[in-house]
Amino acid sequence: MTTFTTLENFGHSLKAQSYLVQPRSTDEIYETFRLAKRDGLTVTARGAGRSYNDAAMNGGGIVLDLSAMDKILEWDSSTGQVRCEAGVTLRQLWQRVLPDGWWPPVVSGTMTTTLGGCLGANIHGKNNFRMGTIGEHVIEFTAILPTGAEITCSPKKNADLFYAMIGGYGMLGVFTSVTLQMKRMHSGLLEVHAWPTRTLKEQLHSLEDGAPKFDYIVGWLDCITVGHGQIHAANYLHEGDDPDARKTMKLDFQSLPSRMFGVFPKSLLHIFMTPFMNNFGTWGVNTAKYIASLRRHTFRQSHAAFHFLLDYVPNWELSYGRAGLIQYQSFLPKETALHAWTEMLSLAKKRGLPSYLGVTKRHRPDKFLLTHAVDGFSLAMDFKVTDANRARLFQLTQEFDRIVLEAGGRFYFAKNSETTAETARAFYGEETVAKFKKLKKRCDPNGLLESDLYRRIFG
Amino acid sequence: MTSSLTPATPLQPRKRAIIVGACGGLGTALSRKLAREGWTLALLSRREDCPTDLAAELNTDGVTRAIAYQHNVTDYAEVPSLLTRIIADLGGLDLLIFNAGINLPPGLEKMSAENDIKMVEVNLLGAIAWLAPVGDLMKDAKNGMLVGISSVAGDRGRIANPGYNTSKAGLTTYLEALRNRLTRHGVHVLTVKPGFMATEMLRASQGPKPFTVSPERAADDIYKAILKRKQTIYTHPIWGWIMLAIQHVPSVVFRRLSF
């Protein structure tokens with residue numbers, strides 16, 4: 001069943017019409033490839049559509065919506081191994097494994113993402129410095145290639161494809177099932193430490209010093225005053241630390257409240273955020289937030305509440321208005337990060353285009369072909385898009401790209417929407433691009449798998 | 001054909017339009033206007049060289065703003081596959097302008113069934129072949145706008161050109177029906193009724209030509225109506241009043257008039 005549909009990215013900043021197909025089996029995916037070839041169309045896999053850019057967009061082409069392939073196929077609560085179809089979401093996954101005392105080793109900031117999407121982008125969490133990306137916890141996956149071949153990959157079997165398809169944004173094949181290793185938990189709570197940081201320098205120091213001591217660490221950066229911030233760092237509880245472990249690992253304990261103060265529905269909250277989505281409003285909100293964060297404190301928080309901040313206010317992205325938002329994330333080596341970001345933040349301020357949300361994390365490199373990771377830090381910045389600022393914001397992203405490239409940085413393609421093919425080639429390196437293109441030719445000789453992202457960075 | 005366009009991004013978005021009949025006076029003016037306003041265009045014409053030349057004219061500074069396709073609107077069977085190809089090339093579709101039309105007046109002495117059929121085939125059936133499938137796609141996508149270039153000639157059947165009157169009356173009614181069908185699905189339909197316009201086609205009609213507008217002026221009027229999501233416009237606007245009067249001329253008088 002094919003429907004011509006207008007699809008959007010997560011930030012509601014990009015819209016295009018595509019033929020949406022919702023396969024329920026590997027055969028139906030293959031059938032779609034066959035039809036695409038016949039009609040001269042391209043195909044893009046899409047999970048929950050939570051990329052901020054064009055990774056799951058294919059204007060004028062076919063989009064394979066895998067969300068109907070959402071069965072958890074096997075779950076072994078003694079070993080913590082789980083085998084899922086690619087459309088299973090992180091929500092389904094943690095809700096299945098936590099009551100048995102397990103948790104996904106790597107999660108994104110929203111639980112609505114699908115495992116296929118998580119593997120495609122090779123997502124990381126607030127524990128990237130310790131646990132790496134989700135790909136490092138994949139025992140094996142199966143995928144279908146546009147040629148019709150069904151393959152199984154693991155770090156040992158078809159290793160070249162294993163390391164290229166994870167983080168390959170669905171440009172080589174479509175994931176059909178994933179086997180993941182979960183992590184043992186002794187509580188449904190985390191011990192969270194929060195403290196303020198006065199400058200970017202102090203924040204990066206906090207991340208670097210804090211990383212060895214914590215299981216998770218993440219920073220909030222006020223990009224309007226430039227420098228004020230807050231660190232949240234968390235540790236797992238050890239066996240015996242939580243006397244109510246059985247209870248805290250239950251689902252009703254973990255569920256995010258749907259109302260504020262027990263009355264106000266959070267689904268409407270984004271409407272009340274809209275008036276603050278301007279330079280002055282965000283300055284006020286950020287300042288209030290910073291003042292509130294000055295109190296250093298330690299508390300226990302559920303896994304769901306700590307990890308899935310993006311789900312805390314439903315549809316928060318809508319508060320950015322009609323033209324949506326973009327996220328600009330850069331990954332920089334720890335030696336150059338401070339200097340480059342100081343330059344970028346002051347440039348944004350000078351141009352009158354400050355980011356309304358800055359998030360910093362600590363990272364380490366990994367072995368995946370199209371990796372975005374570095375031994376250093378990342379800074380993600382959300383920018384409101386308007387008809388009036390589009391051209392200037394585009395210029396700013398291009399200036400940012402130059403600064404990041406010079407500082408030896410990298411980009412992450414679940415996020416950045418304006419990176420050009422030239423910039424992508426520069427940070428991946430010719431050798432990596434050649435290697436990827438060779439694999440592309442092997443997996444997809446007719447060039448059927450193409451997203452707008454593919455055409456943008458490899459076209 | 002793979003598109004020569006770079007994909008749209010949030011900060012470099014794209015509005016995509018198909019112009020069927022891009023090479024006449026109005027088609028060219030509309031193409032230039034939309035390209036100036038930042039649209040990306042598929043230019044269709046039955047002529048071979050013209051859409052390519054027009055696209056080349058619009059694609060300056062290394063920016064692709066238009067892609068040319070050769071297509072005869074009476075080749076109805078070709079439409080579905082061509083449409084798929086164009087939507088893939090443009091990366092989506094926001095607007096269809098059906099502007100193809102011919103005018104072959106028979107003169108007052110003798111009718112020409114052959115010419116009348118030809119006009120209906122191009123002006124009406126050609127339009128249906130495009131409007132119906134594009135309307136269906138836009139309905140599914142809950143997005144888009146259809147523009148049909150009809151004519152004041154469709155408002156009343158007159159002695160000089162029954163075939164042309166019929167083709168445009170049919171087109172006007174078809175567009176109205178589509179509007180009624182599609183508005184509830186978020187698709188907008190605009191009927192454009194030009195009076196006299198200074199184009200090649202005008203040479204075919206005889207008699208006085210009051211309120212003649214340039215195709216550029218008409219293109220500006222149409223573009224404004226697109227932005228304002230109007231339902232029907234006359235260009236020059238005074239034709240709205242003239243046709244209102246003409247529509248109310250009783251048949252007993254109208255039969256005796258010489259136009």
Side-chain angles (χ1 to χ4, degrees), chain A residues 2-20 36 38-42 52-54 57-62 323-328 383 385-387 389-398 416-421 447 450-457 459, chain B residues 1-18 37-42 61-64 67 69 78-96 132-146 182 185-188 227:
Chain A
T2 306
T3 332
F4 196 63
T5 307
T6 304
L7 293 172
E8 287 187 318
N9 62 1
F10 188 28
H12 305 288
S13 52
L14 186 63
K15 292 180 183 58
Q17 293 80 42
S18 303
Y19 307 92
L20 193 70
R38 188 197 68 186
D39 295 343
L41 292 174
T42 58
Y52 287 84
N53 58 8
D54 45 4
M57 302 283 289
N58 186 17
I62 298 172
L325 77 147
I326 59 158
Q327 187 172 104
Y328 186 96
F383 291 95
V385 180
T386 65
D387 289 334
N389 80 6
R390 254 197 204 105
R392 287 183 301 134
L393 195 51
F394 178 76
Q395 279 312 317
L396 185 67
T397 60
Q398 301 310 299
N416 293 32
S417 61
E418 311 300 323
T419 317
T420 60
E450 273 192 14
S451 57
D452 285 334
L453 170 68
Y454 177 83
R455 288 186 282 269
R456 173 160 63 89
I457 62 170
Chain B
M1 182 179 113
T2 25
S3 163
S4 49
L5 298 171
T6 52
T9 69
L11 300 184
Q12 300 196 303
R14 177 165 288 146
K15 290 175 288 181
R16 301 114 170 155
I18 299 177
E37 296 291 338
W39 289 67
T40 305
L41 308 172
D61 317 322
V63 182
T64 305
I67 306 173
Y69 304 84
E78 192 199 38
V79 176
S81 61
L82 180 58
L83 180 58
T84 306
R85 198 179 111 200
I86 292 173
I87 292 174
D89 289 347
L90 295 181
L93 183 62
D94 303 293
L95 171 67
L96 168 78
V134 173
D136 264 352
L137 289 178
M138 288 181 170
K139 169 177 170 263
D140 286 345
K142 297 188 182 358
N143 168 75
M145 184 151 185
L146 300 170
L182 298 174
H185 298 287
V187 181
H188 204 78
L227 293 185

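To find a chain, count down the sequence lines: A is the first, B the second, and so on, and within it residues start at 1. Keep in mind the model is a prediction, meaning the values are calculated, not measured.
Using a 4.5 Å cut-off between heavy atoms, Phe383(A) makes no contact with chain B at all. Contacts of Leu41(A) with chain B are made by side-chain atoms alone, with heavy-atom separations under 4.5 Å and no backbone atom involved. For Thr397(A), the part sitting under 4.5 Å from any heavy atom of chain B is the side chain, from C-beta outward, and nothing else. Only the side chain of Asn9(A) comes within less than 4.5 Å of a heavy atom of chain B; its backbone N, CA, C and O stay farther away. Contacts of Arg16(B) with chain A are made by side-chain atoms alone, with heavy-atom separations under 4.5 Å and no backbone atom involved.
At least one donor-acceptor pair closer than 3.5 Å links the side chain of Arg390(A) to the backbone N or O of Pro10(B).
The distance from the CD atom of Gln17(A) to the CG atom of Asp94(B) is 5.5 Å, given to the nearest 0.5 Å. Rounding to the nearest 0.5 Å gives a distance of 10.0 Å between OG1 of Thr6(B) and CG of Asp452(A). Expressed to the nearest 0.5 Å, how far CE of Met138(B) lies from CZ of Phe4(A) amounts to 8.0 Å. Atom NZ of Lys142(B) is separated from atom OG1 of Thr5(A) by 8.5 Å, given to the nearest 0.5 angstrom. Atom OG1 of Thr6(A) and atom CG of Asn143(B) lie 4.5 Å apart (nearest 0.5 Å).
The ring-ring contact (aromatic ring centres under 6.0 Å, His included) test applied to Phe10(A) returns Tyr52(A), Trp316(A), not counting sequence neighbours.
Within the 4.5 Å cutoff, the side chain of Leu11(B) has heavy atoms near those of the Val385(A) side chain. Proximity of Ile87(B) to Tyr19(A): side-chain heavy atoms (C-beta onward) are separated by under 4.5 Å at one or more points.
Listed options Gly144(B), Gly92(B), Ser81(B) were ranked by heavy-atom pairs under 4.5 angstrom with chain A; first place goes to Gly92(B). Between chain B and the residues Asp39(A), Asp54(A), Asn53(A), Leu393(A), the largest count of heavy-atom pairs under 4.5 Å involves Leu393(A).
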